[in-house]
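Reminder, nothing fancy here: chain letters follow the sequence lines and each chain counts from 1. Both backbone and side-chain heavy atoms feed into the values below; hydrogens, waters and symmetry mates do not. Just so it is clear, the structure is predicted and the values come from calculations on it, not from any experiment.
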Protein chains: 2
Amino acid sequence: MSLSTDVRLLALAQSFRTTLRHAVYLSRSMDSDGELTTMQMSTLSMAAEEPLRVSRVAANLGIRVPSATEQIIKLEQAGLVLRQPDPTDSRAVLVQLTDKGRAAWEAASRRRNERVAALLHQLGEDDRATLAAALPIIEKLNHTA
Amino acid sequence: MSLSTDVRLLALAQSFRTTLRHAVYLSRSMDSDGELTTMQMSTLSMAAEEPLRVSRVAANLGIRVPSATEQIIKLEQAGLVLRQPDPTDSRAVLVQLTDKGRAAWEAASRRRNERVAALLHQLGEDDRATLAAALPIIEKLNHTA
DNA sequence: GCTCATAGTTAGGTAGCCTAACATTTTCGA
DNA sequence: TCGAAAATGTTAGGCTACCTAACTATGAGC
C-alpha cells in the first residue's frame, strides 16, 4: 500500500467511523420509544428467517452465550419465541418465533422503517440512489472483516 | 407521498437499518480490543474539538446527564480529562482534554482508522468513491432528524 | 466404552444506564 | 429588586445487560 493511498484510506476510514457513530445515535433515538430493544429486534429478525441456535444468536449479536440465553429466556417469557430442542442434536436449542413474536417484530419493524422513510423522503432522488448504492458496499466491508 | 414512492422508501429504509446494524457489529468488534470504550472515544472526540458542558456530552451520547457525569468522572480519574467551572456560568462544568487524554484519543483513533482502512483497501476504487459520496448523505439524514 | 469437545444453563459479580431528590446558580416577571 | 421558576450538575438507589467460571448433558473419535 503506497503512502498516498494510505493517507486517503485513513481519511475515508475516519469519516466512515464518524458517520457510523452519528448514525448509531440516530438509530438509537428511534428505538427509544418502544417496547423492543435493538437487541431484541435483532434476535427476532434472525428467528424470523429461520429457527436458529442460541450460539448463533450470541455470535450474531456479538455477545456471549450465557448473555444470549438470558435474553432469549426473557423473550420466551414474553411469549415471543419458543425454545425447542434441535431434533438433530439434543444438546442444541432452536429459537423460533411464535405468531405473537412475528406480529410484534413486524409491527416494530414497520414503525422504524416508516420513521427512516420519512427522513429519506427529505433527500433528493440522487442522494437516495447514492445511498442505495453504498449499502451493499458496506455489507461487503462487513463480509471481508 | 405517493404509495409507490412510499413502498420504495420503506424498502430502502429497511435495507439501511439492516446495514447499519451490521456495521455496528463490525465497529463493536474493532472496539473490543482496547482500553477505551466507544462511548469514551466519542467523549474524547468531542472534547478534542473544544471544551464542552456535561449536558452536551450527554445529549451527543444520547444518555442522561447523571450517566454522563459518571463517565466523565471516570475519565477524570484516569487523567484523560479535566472538569472546570465555566467562567461564564457557574452552574456549568466544562470538560476538556488533558495532554494525556489527547494522546490516548489520538492513539486509539489511529488504531481504529488503520483497521478500517485495511478493509477499505480491499474494495475497488469505484466502491470507495460510492462510499465516500454516501457518507455526507447519511450525515444529512442525521441533521434533518 | 472412555475421553474429549460441543451446546447450554446456572451462579455470582461488574458496569452503565435510569429516575428521583437535592444544591447551586441564573433568569425573569410582578 | 426580589422571589419564583428554570437550568446545570451531583448524589443516591435501583435495574438490566453483560461478563467469567463452573456445571450438566449430549455427541464424536480413538
- prompt: Starting at the 5' end of DNA chain D, which residue's closest nucleotide do you reach first, R56(B) or Q40(A)?
  reply: R56(B)

- prompt: Quick one: is dA25(D) close enough that its OP1 or OP2 comes under 4.0 Å of any side-chain N or O from S90(A)?
  reply: no

- request: Please confirm whether the backbone N or O of T38(A) pairs with a side-chain atom of S42(A), one donor and one acceptor, at under 3.5 Å?
  value: yes

- prompt: Hey, does the side chain of T98(A) reach the backbone of L80(A) with a donor-acceptor pair shorter than 3.5 angstrom?
  reply: yes

task: Begin from the C-alpha positions of L123(B) and L141(A) and carry the test side-chain contact (heavy atoms from CB on, under 4.5 Å) through to its verdict.
output: CA-CA 8 Å; L123(B) 294 178; L141(A) 277 185; 4.0 Å; yes

- prompt: To the nearest Å, how far apart are Q71(A) CD and dC18(D) P?
  reply: 5 Å

field: M39(B) CE - dC18(C) C1' separation (whole Å)
entry: 13 Å

- request: Nearest whole angstrom, please: distance from the C1' of dG9(D) to the CZ of R83(B).
  value: 9 Å

message: Taking donor-acceptor contacts at under 3.5 Å, does the side chain of R91(B) reach the base of dA7(D)?
response: yes

task: Round to the nearest Å and state the distance from I63(B) atom CD1 to dT16(D) atom P.
output: 19 Å

- prompt: For the pair made of CG in L61(B) and P in dC17(C), what is the distance, rounded to whole Å?
  reply: 8 Å

task: Go through dT26(D), dT9(C), dT8(D) for me and flag the one nearest to the V65(A) side chain.
output: dT9(C)

- request: Please report, rounded to the nearest Å, how far the C1' atom of dT9(C) is from the CZ atom of R64(A).
  value: 17 Å

field: salt bridge (charged side-chain N to carboxylate O under 4.0 Å, His left out) contacts touching residues 87-104 of chain B (sequence neighbours left out)
entry: R53(B)-D89(B), D89(B)-R91(B)

field: Under-4.0 Å side-chain N/O to phosphate OP1/OP2 contact, K74(A) with dT16(D)
entry: no

- prompt: When all nucleic acid strands are considered with a 4.0 Å heavy-atom cut-off, which category describes S55(A): base, sugar-phosphate, or nothing?
  reply: sugar-phosphate

message: Measure CD/E70(A) against C1'/dG13(C) and give the value in whole Å, please.
response: 12 Å

field: Minimum-distance pair of heavy atoms, taken over all atoms of A13(A) and N113(B)
entry: CB-O, 3.4 Å

message: At 4.0 Å (heavy atoms only), tell me whether V54(A) reaches a base, stays on the sugar-phosphate, or touches nothing.
response: sugar-phosphate

task: Kindly say if S67(A) contacts the phosphate of dC19(D), meaning a side-chain N or O under 4.0 Å from OP1 or OP2.
output: yes

query: Is the phosphate of dT10(D), meaning OP1 or OP2, less than 4.0 Å from a side-chain N or O of T69(B)?
result: yes

field: Between P of dA7(C) and CG of D86(A), the distance in whole Å
entry: 11 Å

